[in-house]
Colleague: 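Here's a structure for you.
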Amino acid sequence: MLILDSQSDSSSATLEIVKDARQQIHVPILMLDTFLLVIACHPLLLESGCNAGLILLFIQVLDYCNASPKDYKCIFTFGATAALKLVGEAFPWSCDSTFMYTMENHNSVLGIRDLSISLTSFRYALGQGAASIAVDIKENEAPGVSGENIAMKISPHQVQRRKVAGLLEGKPDGHVYNLFAFPSECNFSGLRFDLDLVKIIKEHSSRDLGISSVCKNGQWMVLIDAAKGCATMPPDLSKYPADFVTISFYKLFGYPTGLGALIVRNDAAKLLKKTYFSGGTVAASIADIDFIKRREGIEELFEDGTVSFLSIASVRHGFKILRSLTASAISRHTKSLALYTRKMLLALRHCNGSNVCIIYGHQSSMEDNWVSSFPLSEAFPRPFQLSTCPCIAVVEELCYEMGPIVSFNLKRADGSWYGYREVEKLASLSGIQLRTGCFCNPGACAKYLGLSHLDLLSNTEAGHVCWDDHDVINGKPTGAVRVSFGYMSTYEEAKKFIDFVASSFVSSQNDICHGNQLEGIEKGSPDTGYHLKSITIYPIKSCGGFCSRSWPLSKNGLKHDREWILMSLNGEILTQKKVEFGKENGAAIVPCAPVSLCMLLVVFSFLFNCELRSRLSVPEMCFISTFIDLSQGILFVESPHCKERLQIKLESGVNHGAMEELELYGQRYKVYNYSKETNVWFSEAIGKPCTLFRYSSTEHDFMLNKTKGVATCRDTKSTLNFPNEAQFLLVSEESVSDLNRRLCSDVQKDICVTAMQVDASRFRPNLVVSGGRPYGEDGWRTIRIGNTYFRSLGGCNRCQMINFSQNAGEVQKSNEPFATLASYRRVKGKILFGILLKYESSDEEQQHDYSWLHIGQHVHPESI
């Protein structure tokens, strides 16, 4: 087929479109009337050249929410967030408008708050702003006396209104429109809101709702964020006529990303006002004068640019799966799994009887009386058997208020909290992918975790931001762990997760007796006979190091250790941890119903792209080798991607006229940069543009040290180059040998598939000691090597970087040795191996800089 114009023939007859649709889309006979109804209600679709496939997709989207084409339109957007942004920007705000929203709302909904307050300042010369208010929805224990019983009560929080210069108060000029937003299902707790809220808000006055002090007049309109809830229980718009509904296709089918839709009532669509126009949204415009004629159709007016027609074409395959399973069967299946998981988690107890799990969200009283008398293997079938589940009726009755989400935190036997990041990391080692944090729902997070405004502000000042590792601050969790079930989820997967929690977080009597003591220490053996086995220097952070038989010390640690650092052009510090490796565990995609070849190609393309990204993201920094010749005063650097070996003089070669400041791990550094030729060499070596910097001096201003236990850098009193936490990392050769014995034991017990052995270099230590007993270093307070003294700063918290190894020029990853270490070296959310040291240099040593370490020197530890 030769296509010379992407614009289809708008003069095609309706009959030909229907025929084409029947042949290409295989539209069912029952949808034919709906198809003709869409054309009758939306004639502009034909005039704009819209093809049959797109029209039929309009039908599928509207039909999924039981919305009549007579009453609703469908606007495709770049995700559900873009749909919410569209409503916020185009809504007819005025100075007397009110934006009301439930506390349980996604950040994408909260963003409308700023639009409702600030966009009015843009539209009105006097800078008038709307009011914004968060509310809690509760059951009404004292219904109204006017004969109309309102089942829910709205409890408002503080009114938010920005003070704008020149704001005039008075009667509203013209119509006033207010907007109420709530999710059909809370993505934090899984709580499903009663959709009767739509009628209650639209049909009752502000006096009846208990918000008369905030909103005295105006017409209420309702927005439902159905991005989460639509996947298992789409809203029935024939019963609950919301004005706006946002949908995410990614959350419906898992593909495609970046495509959503806004379903809007026709009367509400007429009120939306759009300022920006683009190609396809205007009928005519003149470049050099203020003239524009916008398109009349809502879809054409609000769909800026070229719609993602390739993604839209794949959506029909997703709806085909949902139709074959039916939304009601999916809902029953996923609620069954969620109910089972809640029950099993709540039943877990430590040996002292204390609860292991705290679940967030409303718990039905009927759910507490649930009796698991049916065989679970039959009650929770695989996706193909959704409609045959024998416990469907029971679950439908007991679990209506909760969706297929289980949000929780775990507690130790002593009542302290396991951090959600600890749970996530251990789960990934077991092949389980979890979502942790606040899930972009700050209101629900604060509500269920009991975090006050003071707590939230204090956490922010302490350095806590979204997606970081600060999961417990001042004894309180900052987020939660979330399990979400979909139509592909199975009972076996739910049981695997329960078994994981039980084996990893439920304390036995032996655990309580030993408290937080690390396993692996052999008691009774003398702590003597140590000597220094190896010395390793890593001149450039995250690049390869080199060993030396003797090496001098400086006030910063080993001389020239991590004295250089690489930075991307956008200011990001480059380390191997920053590299994206794709997904840590492959996810099997098994279709639950017959799927077309097109859909399978889409899935395979998605998997191939993930694999391609993984290969392109090889951490080339680890292939950069380094060596320093102190006699010549030169740092030699080599890379397999560069033909020539780079030579950097230690006493020159730095551009001394270009000193800069950068911040790393809460500490500010003064650094020098290098010439263009040097930076080009490193850019070729790692495959991305970067700049080399060298440490000059540091300012002891630790920005994250406001709250104890939160600061990233623990060694806050010594001078550091660019290490993560301390000047030295020490590892015991005997501890590594014990770990290898455990790895072999795991293979014999069928815990691991293949045998593996690791050496001390896997942990990137500066010092390796030999002799004594395994893990004896855990109890060291200070050590003396020769005549040089060091103080222990405690154990080194390991991450999954120790699972990466180099083999034949490639980087390979497994779950080991991190998984084995997690089984016996985990304390308070940290998996410890090796210890961090600080050099206790005297003033004379710092002044003359003459202390050296030598391989073979005796190591004399002093235990705690």
Colleague: CG of L262 to CG of L84: how many Å apart, nearest 0.5 Å?
Modeller: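 With rounding to 0.5 Å, CG (L262) is 8.0 Å from CG (L84).
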Colleague: Are the side chain of D63 and the backbone of Q60 linked by a donor-acceptor contact shorter than 3.5 Å?
Modeller: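 Pair absent, no side-chain N/O of D63 close to backbone of Q60.
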Colleague: Output yes when a side-chain donor or acceptor of T232 lies under 3.5 Å from a complementary backbone atom of I330, and no otherwise.
Modeller: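 Flag not set: sc T232 to bb I330 has no pair under 3.5 Å.
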Colleague: Write down the atom of P69, the atom of L62, and the distance for their closest heavy-atom approach.
Modeller: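 The pair with the smallest heavy-atom distance is CA-CD1, 4.1 Å.
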Colleague: To the nearest 0.5 Å, what is the distance between CZ on F76 and CD1 on I247?
Modeller: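 The CZ atom of F76 sits 9.5 Å away from the CD1 atom of I247.
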Colleague: Within the side chain of H106, is there an N or O that forms a donor-acceptor pair under 3.5 Å with the backbone of C186?
Modeller: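 The answer is no, because no donor-acceptor pair under 3.5 Å joins these two groups.
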Colleague: Assess the residue pair I224 and V198 against the criterion (side chain to side chain contact (heavy atoms under 4.5 Å, CB included)); give the C-alpha distance rounded to whole Å, side-chain angles, the decisive distance to 0.1 Å, and a yes or no.
Modeller: CA-CA 9 Å; I224 298 178; V198 176; 3.8 Å; yes
Colleague: Whether the side chain of D136 engages the backbone of M103 through a donor-acceptor N/O pair (distance < 3.5 Å, no angle test) should be reported.
Modeller: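 Between the backbone of M103 and the side chain of D136 there is no qualifying donor-acceptor contact (under 3.5 Å).
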Colleague: How far does CZ of R435 sit from CD1 of I405, to the nearest 0.5 angstrom?
Modeller: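 Interatomic distance, R435 CZ to I405 CD1, rounded to 0.5 Å: 10.0 Å.
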Colleague: Within the side chain of N105, is there an N or O that forms a donor-acceptor pair under 3.5 Å with the backbone of T102?
Modeller: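 Here the side-chain-to-backbone pair exists.
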Colleague: Do P256 and Y250 have side chains that get closer than 4.5 Å, going by heavy atoms?
Modeller: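 In short, these two side chains do not touch, never coming nearer than 4.5 Å.
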Colleague: Quick check for you: to the nearest 0.5 Å, what is the distance between H175 atom NE2 and S97 atom OG?
Modeller: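 Answer for the NE2-OG pair, H175 versus S97, is 12.5 Å.
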Colleague: Using modelled atom types and a 3.5 Å cut-off, is there a donor and acceptor pairing between side-chain atoms of Y64 and backbone atoms of C230?
Modeller: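 Side chain of Y64 to backbone of C230: a pair is present.
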Colleague: For the residue pair F319 and F253, is the inter-centroid distance of their aromatic rings smaller than 6.0 Å?
Modeller: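 Between F319 and F253, the centre distance is under 6.0 Å.
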Colleague: If you look at every heavy atom in A67 and L237, which pair is closest and at what distance?
Modeller: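 Heavy atoms only, the tightest pair is CB-CD1, 3.8 Å.
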Colleague: Step by step, would you call Y360 with L449 a side chain to side chain contact (heavy atoms under 4.5 Å, CB included)?
Modeller: CA-CA 8 Å; Y360 304 112; L449 299 181; 3.2 Å; yes
Colleague: Under the 6.0 Å and 45° cation-pi test, does R482 pair with F439?
Modeller: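 Yes.
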Colleague: Should Y255 and S314 count as side-chain neighbours, where that means a heavy-atom distance under 4.5 Å?
Modeller: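 Side chain of Y255 against side chain of S314, heavy atoms only: contact under 4.5 Å found.
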Colleague: Do you know the tightest heavy-atom contact between T81 and S108?
Modeller: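 Scanning both residues, the minimum pair turns out to be OG1-OG, 3.0 Å.
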Colleague: Report the distance from atom CG of N441 to atom CG of N187, rounding to the nearest 0.5 Å.
Modeller: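 If we round to the nearest 0.5 Å, N441:CG and N187:CG are 4.5 Å apart.
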Colleague: Is there a side-chain contact between F182 and D225, using heavy atoms and a 4.5 Å cut-off?
Modeller: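 Contact flag for F182/D225 side chains = no.
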Colleague: Please evaluate residues D96 and S94 with respect to the criterion side-chain hydrogen bond (donor to acceptor under 3.5 Å, both in side chains), reporting the C-alpha separation (whole Å), side-chain torsions for both, the decisive distance (0.1 Å), and the verdict.
Modeller: CA-CA 5 Å; D96 293 282; S94 72; 4.9 Å; no
Colleague: Over 60° means perpendicular and under 30° means parallel, so tell me whether F244 and F91 are parallel, tilted or perpendicular.
Modeller: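 Ring orientation of F244 relative to F91: perpendicular.
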Colleague: So do C466 and C440 have their SG atoms closer than 2.5 Å?
Modeller: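 In this structure, C466 and C440 share no disulfide.
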Colleague: Quick check: closest heavy atoms across H333 and S489, and the distance to 0.1 Å?
Modeller: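 Nearest heavy atoms, H333 then S489: NE2-O, 2.8 Å.
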Colleague: Could you check whether the rings of F99 and W93 sit parallel, tilted or perpendicular, using 30° and 60° as the cut-offs?
Modeller: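 The rings of F99 and W93 stand perpendicular, inter-plane angle above 60°.
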Colleague: So, do M233 and R192 sit near enough that their side-chain heavy atoms are less than 4.5 Å apart?
Modeller: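 They are in side-chain contact.
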Colleague: Taking S331 for the side chain and A327 for the main chain, is one N or O donor matched with an acceptor at less than 3.5 Å?
Modeller: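 Not confirmed, S331 side chain does not pair with A327 backbone.
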Colleague: Are I201 and I154 close enough that some pair of their side-chain heavy atoms sits under 4.5 Å apart?
Modeller: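 Of all side-chain heavy-atom pairs linking I154 with I201, at least one is under 4.5 Å.
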Colleague: So, taking the atom named CG in L271 and the one named OH in Y177, what distance separates them when rounded to the nearest 0.5 Å?
Modeller: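 It comes to 4.5 Å.
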Colleague: Which atom pair, heavy atoms only, marks the closest approach of A231 to K251?
Modeller: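 The pair with the smallest heavy-atom distance is CB-O, 3.3 Å.
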Colleague: Could you give me the CA-CA distance, side-chain angles and deciding distance for K202 and D243, then say whether side chain to side chain contact (heavy atoms under 4.5 Å, CB included) is met?
Modeller: CA-CA 10 Å; K202 293 172 70 72; D243 299 283; 2.9 Å; yes
Colleague: Please tell me if the side chains of V135 and Y101 come closer than 4.5 Å, counting only heavy atoms from C-beta onward.
Modeller: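 No. Closest side-chain heavy atoms not under 4.5 Å.
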Colleague: Are N66 and S238 linked by a side-chain donor-acceptor pair shorter than 3.5 Å?
Modeller: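 N66 vs S238: donor-acceptor pair found between side chains.
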Colleague: Looking at C65 and I263, what are the two nearest heavy atoms and their distance?
Modeller: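 Heavy-atom minimum between the residues: SG-CD1, 3.9 Å.
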Colleague: Using side chain to side chain contact (heavy atoms under 4.5 Å, CB included), reason through L191 and E185 one step at a time and then give a plain yes or no.
Modeller: CA-CA 6 Å; L191 175 66; E185 181 181 318; over 6 Å; no
Colleague: Are any side-chain N or O atoms of K199 and backbone N or O atoms of K239, one a donor and one an acceptor, separated by less than 3.5 Å?
Modeller: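 Side chain of K199 to backbone of K239, a donor-acceptor pair under 3.5 Å: yes, one is there.
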Colleague: Are the side chains of I321 and L325 in contact, using a 4.5 Å heavy-atom criterion?
Modeller: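 Yes. Closest side-chain heavy atoms under 4.5 Å.
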Colleague: Taking the side chain as everything from C-beta on, heavy atoms only, tell me whether C438 gets closer than 4.5 Å to P442.
Modeller: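 Side-chain contact under 4.5 Å: no.
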